[in-house]
*Asks:* 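So that we are looking at the same thing, I have put the structure below in structure tokens.
Because the structure is predicted, anything quoted here is derived from the model rather than measured. Residue numbers begin at 1 in each chain, while the letters A, B, ... track the order of the sequences.
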There are 2 protein chains.
Amino acid sequence: MANIQQIAQKAGVSVATVSRVLNNATSVTPQTRHKVEIAIKELKYEPSMLGRNLRNSESRLLLVLLPSISNPFYNEIINGIQNTAIAKNYNILLCETDSKPERENIYFNMVKNKLADGVISMDPTVNMQKLNELAENHPVILCSEYEEGGSIPYITVDSELAAYQAVKHLIKLGNERIALINSDEKFLYARLRRAGYERALKEFNLPIRDEWIYHTKDLEFEHGVQAMRMLLQSEEKPTAVFAVSDTLAIGALKAINGGGDTPNPIAVVGFDNISFSSMTNPTLTTISQPMFKMGSLAADMLMNSIKGDRVESIVLDHELIIRESTMG
Amino acid sequence: MANIQQIAQKAGVSVATVSRVLNNATSVTPQTRHKVEIAIKELKYEPSMLGRNLRNSESRLLLVLLPSISNPFYNEIINGIQNTAIAKNYNILLCETDSKPERENIYFNMVKNKLADGVISMDPTVNMQKLNELAENHPVILCSEYEEGGSIPYITVDSELAAYQAVKHLIKLGNERIALINSDEKFLYARLRRAGYERALKEFNLPIRDEWIYHTKDLEFEHGVQAMRMLLQSEEKPTAVFAVSDTLAIGALKAINGGGDTPNPIAVVGFDNISFSSMTNPTLTTISQPMFKMGSLAADMLMNSIKGDRVESIVLDHELIIRESTMG
DNA sequence: AATCAACATGTAATCGATTACATTTAGTGA
DNA sequence: TCACTAAATGTAATCGATTACATGTTGATT
């Protein structure tokens, strides 16, 4: 692979001139430019990002940290990030941590080592202490999951309010025994959604029973199935369920359908409005987050932060999407 | 951020010695090593990958190209790749091309520019000419989708045979009017799966009718729904459907259920065995590919190729998973 | 023709590491 | 104590770009 020296030699100019042509910066004669361009074509030259980045201390690469791409929730967010980043000549790299700290470290190092200019973390399992350390010297944005009272800018929705509205919807439909399928409450969103759930129940003087609150290990379908099976075995069966993720809700639907006999069907509300949620039978009532917009704004925030601007956190609006799973 | 010079100065040694400590290479006195390590800790030094990579011409980063992470099919493959890569001290970067050539270019350049050591492409929409060009000078492996008679090593399953078996399964169940929901036949896998479909039909003297072959734009659920709606409008309705992807098959199931009246249910077979396929109602009969293994082997092939070894293409075994969607 | 501005181009330092080769130091035996 | 060897450390070139500064060239003005 040719380097800038060889181009300079071939074109009979200095490396500085070649660099000028590449960055179409200051004055270069059309003739000289032409000579250089010819040389570049003939030698199929491609400038080395390593040399360039080393000198410039920038890579125009953004890291996007996520625990696992298997949750479709991230799809649209990523699209939003990518669209906005590309428009400003940045590129993104998706980094799946699989919730493993070692992997996290590797990606953090990429930033410290100038291989990437900043990070958008969507990983609720991220080691917050390390991320905060990183954020002291490098641009970091939190997307969706965030740290209450922390110093890293974030973009998210109001999980407590959304959960409250979801549960209120179930109450308005006449349900009095409402279960919660939650994930691990070490995650902020899980605590907030539980708080919203409890607020709605309290407001209507409905019982909050531990028996009706199930915590799953992660957000895979199977855990939704398991959770629902457990709930169906409680002494007083719940008549409705709020799950903190569509994936869990879909698992719950499966368990309900699979039960065979459905004397009085159980209403289900999910969270995220993943594309699959309109493919289930029944289709799933859920909370929709403006995912594309969230990603897009997160990218803007990060690029502004890289520029050196101060950025403010943002809370976006959500929406309750009513579908068949709460229509009896 | 400190650099190697500052460490050397602080520790009272030369940069060479610091480098030796970092790479725990040739002889360094325990005392000297200690001094350097102290300095590294005090200044919170992290070596720059840029400097290192520029000099070494390696990044220990692997690129994984995929059209979109929204197809869950890729999940397990990526896990396989990642597991194997990490074991050998390589890291992976997921690159979503969204089937857009501009993005592809960016990622190809990362390889040309030594920002990554090689590529695993799972993108059927990739520009093969460009990829072949890249492969002349850089390690490239194709995973799942490949080029017949091409020179780039690949790992895949026998799509033609799998499709043949899927359709044969439908025939054995007594179906005589079998539709195909295919994606664009510019993709090799689409052509192969169609060939398998036709081989099975011919073998049993069943009609191949254009009316029963639908081509979708992409693999989103919605297109499966659309396809099935069209098929249900044909003069002679098919009694069974083979879809070349689970996502399409799930869409088809949705269209069938959504039709309300199901006089004689339509059997459906998908392809890929994504995790959703056991969550649908009915659960989906499908072809299972050994995805984790495929990813793992692909990573091995790529790392061997980087080492300079010749690598051979691999065809893995698949399996027909029979579930409710073909059980009447 | 001399002067000078404006523009084009070249020279060489620089980014942060690695490493071949040179040099110093320590240790051994006579 | 001296010579010699092996181990430890240092010096400086190198990877491939960018860019401040120096130099050269051109043409206009007087």
*Asks:* Between atom CG in Leu22(B) and atom P in dG16(C), what is the gap in whole Å?
*Replies:*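 The answer, rounded to whole Å, is 15 Å.
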*Asks:* Under 4.0 angstrom, heavy atoms only, what part of the nucleic acid is Thr32(A) near: base, sugar-phosphate, or nothing?
*Replies:*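 Thr32(A): backbone/sugar contact only, no base atoms under 4.0 Å.
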*Asks:* Is Arg55(B) side chain donor-acceptor paired with the dT14(D) base, going by distance under 3.5 Å alone?
*Replies:*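 Counting by modelled atom types and ignoring angles, a donor-acceptor contact under 3.5 Å is found here.
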*Asks:* Using the 3.5 Å cut-off, write out each protein N or O paired with an N or O of nucleotides 20-22 of chain C and the distance between them.
*Replies:*
none

*Asks:* Check whether any side-chain N or O of Thr17(A) sits under 4.0 Å from OP1 or OP2 of dG10(C), and answer yes or no.
*Replies:*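 Checking dG10(C) against Thr17(A), a side-chain N or O does come within under 4.0 Å of OP1 or OP2.
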*Asks:* So, is Thr29(A) close to the dT9(C) phosphate, meaning a side-chain N or O under 4.0 Å from OP1 or OP2?
*Replies:*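 So the side chain of Thr29(A) is within the cut-off, an N or O lying under 4.0 Å from OP1 or OP2 of dT9(C).
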*Asks:* Show the nearest heavy-atom pair for residues Glu76(A) and Met291(A), with the distance to one decimal.
*Replies:*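 Heavy atoms only, the tightest pair is CB-CB, 3.7 Å.
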*Asks:* How many whole angstroms separate atom CG of Leu54(A) from atom P of dA13(C)?
*Replies:*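 Rounded to the whole Å, the gap is 17 Å.
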*Asks:* Any chance the side chains of Tyr189(B) and Ser183(B) put a donor and an acceptor closer than 3.5 Å?
*Replies:*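 Indeed, the side chains of Tyr189(B) and Ser183(B) share at least one donor-acceptor pair under 3.5 Å.
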*Asks:* Do Thr125(B) and Asp123(B) have a side chain donor and acceptor closer than 3.5 Å?
*Replies:*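 Side chains of Thr125(B) and Asp123(B): pair found under 3.5 Å.
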*Asks:* Counting only side-chain N and O atoms of Ser14(A), is one of them less than 4.0 Å from OP1 or OP2 of dG10(C)?
*Replies:*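 So the side-chain polar atoms of Ser14(A) do come within 4.0 Å of the phosphate oxygens OP1 or OP2 of dG10(C), strictly under.
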*Asks:* Measure from the side-chain heavy atoms of Asn3(A) and tell me the nearest of dT18(C), dA17(D), dT9(D).
*Replies:*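 In terms of side-chain proximity for Asn3(A), the closest of dT18(C), dA17(D), dT9(D) is dA17(D).
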*Asks:* Is there a side-chain polar atom (N or O) of Asn23(B) under 4.0 Å from OP1 or OP2 of dT18(C)?
*Replies:*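 Answer is yes, contact under 4.0 Å.
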*Asks:* For the residue pair Ser59(A) / Asp117(A), report whether a side-chain donor-acceptor contact shorter than 3.5 Å exists.
*Replies:*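 There is such a pair (donor and acceptor under 3.5 Å, judged by atom type) between the side chains of Asp117(A) and Ser59(A).
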*Asks:* May I ask you to check whether Ser99(A) and Thr97(A) show a side-chain donor-acceptor distance below 3.5 Å?
*Replies:*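 Result is no, nothing qualifies.
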*Asks:* Between Lys130(A) and Asn105(A), do the side chains contain an N or O donor and an N or O acceptor separated by less than 3.5 Å?
*Replies:*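 Asn105(A) and Lys130(A) do have a side-chain donor-acceptor pair below 3.5 Å.
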*Asks:* Select from Ser57(B) and Arg33(B) the residue whose nearest nucleotide in DNA chain D is closer to the 5' end of that strand.
*Replies:*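 It is Arg33(B), whose closest nucleotide lies nearer the 5' terminus.
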*Asks:* How many Å lie between CD on Glu46(B) and P on dA17(C), as a whole number?
*Replies:*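 Rounded to whole Å, this separation is 11 Å.
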*Asks:* Where the side chain of Asn23(B) meets the backbone of Ser19(B), is there a donor-acceptor pair that is under 3.5 Å apart?
*Replies:*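 Checked: pair present.
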*Asks:* Not counting sequence neighbours, which residues clear side-chain hydrogen bond (donor to acceptor under 3.5 Å, both in side chains) with Asn113(A)? List them please.
*Replies:*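 Partners of Asn113(A) by the side-chain hydrogen bond (donor to acceptor under 3.5 Å, both in side chains) criterion come out as none, since no residue qualifies.
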*Asks:* Round to a whole Å and report the spacing from CG of Asn53(B) to P of dA17(C).
*Replies:*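 Atom-to-atom, Asn53(B) to dA17(C), this comes out as 11 Å.
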*Asks:* Any idea which heavy atoms bring Tyr107(B) and Ile92(A) closest together, and the distance?
*Replies:*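 The answer is OH-O, 3.2 Å.
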*Asks:* Over all strands shown, is Val15(A) touching base, sugar-phosphate only, or nothing at heavy-atom distances under 4.0 angstrom?
*Replies:*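 Val15(A): base contact, heavy atoms under 4.0 Å.
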*Asks:* Can you see whether Asp272(A) engages Gln289(A) through a side-chain donor-acceptor pair at a distance of less than 3.5 angstrom?
*Replies:*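 The answer is yes; a qualifying pair exists.
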*Asks:* Would you indicate what Ser19(B) reaches in the nucleic acid, counting non-hydrogen atoms under 4.0 angstrom: base, sugar-phosphate, or nothing?
*Replies:*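 Base contact.
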*Asks:* Quick one: Met49(B) CE to dA17(C) C1', roughly how many Å, whole number?
*Replies:*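 Taking atom C1' of dA17(C) as the reference, CE of Met49(B) is at 13 Å.
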*Asks:* Using whole Å, what does the distance between atom C1' of nucleotide dG16(C) and atom CG of Asn56(A) come to?
*Replies:*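 After rounding, the gap between these two atoms is 14 Å.
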*Asks:* Within this structure, what is the CG-to-P distance between Leu115(B) and dC15(D), rounded to whole angstrom?
*Replies:*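 Whole-Å distance recorded here is 19 Å.
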*Asks:* What's the CD-P distance between Gln5(B) and dG10(D), to the nearest Å?
*Replies:*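 Roughly 13 Å, once rounded to whole Å.
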*Asks:* Write down the protein N/O and nucleotide N/O pairs, taken from nucleotides 4-6 of chain D, whose separation is under 3.5 Å; answer none if there are no such pairs.
*Replies:*
none

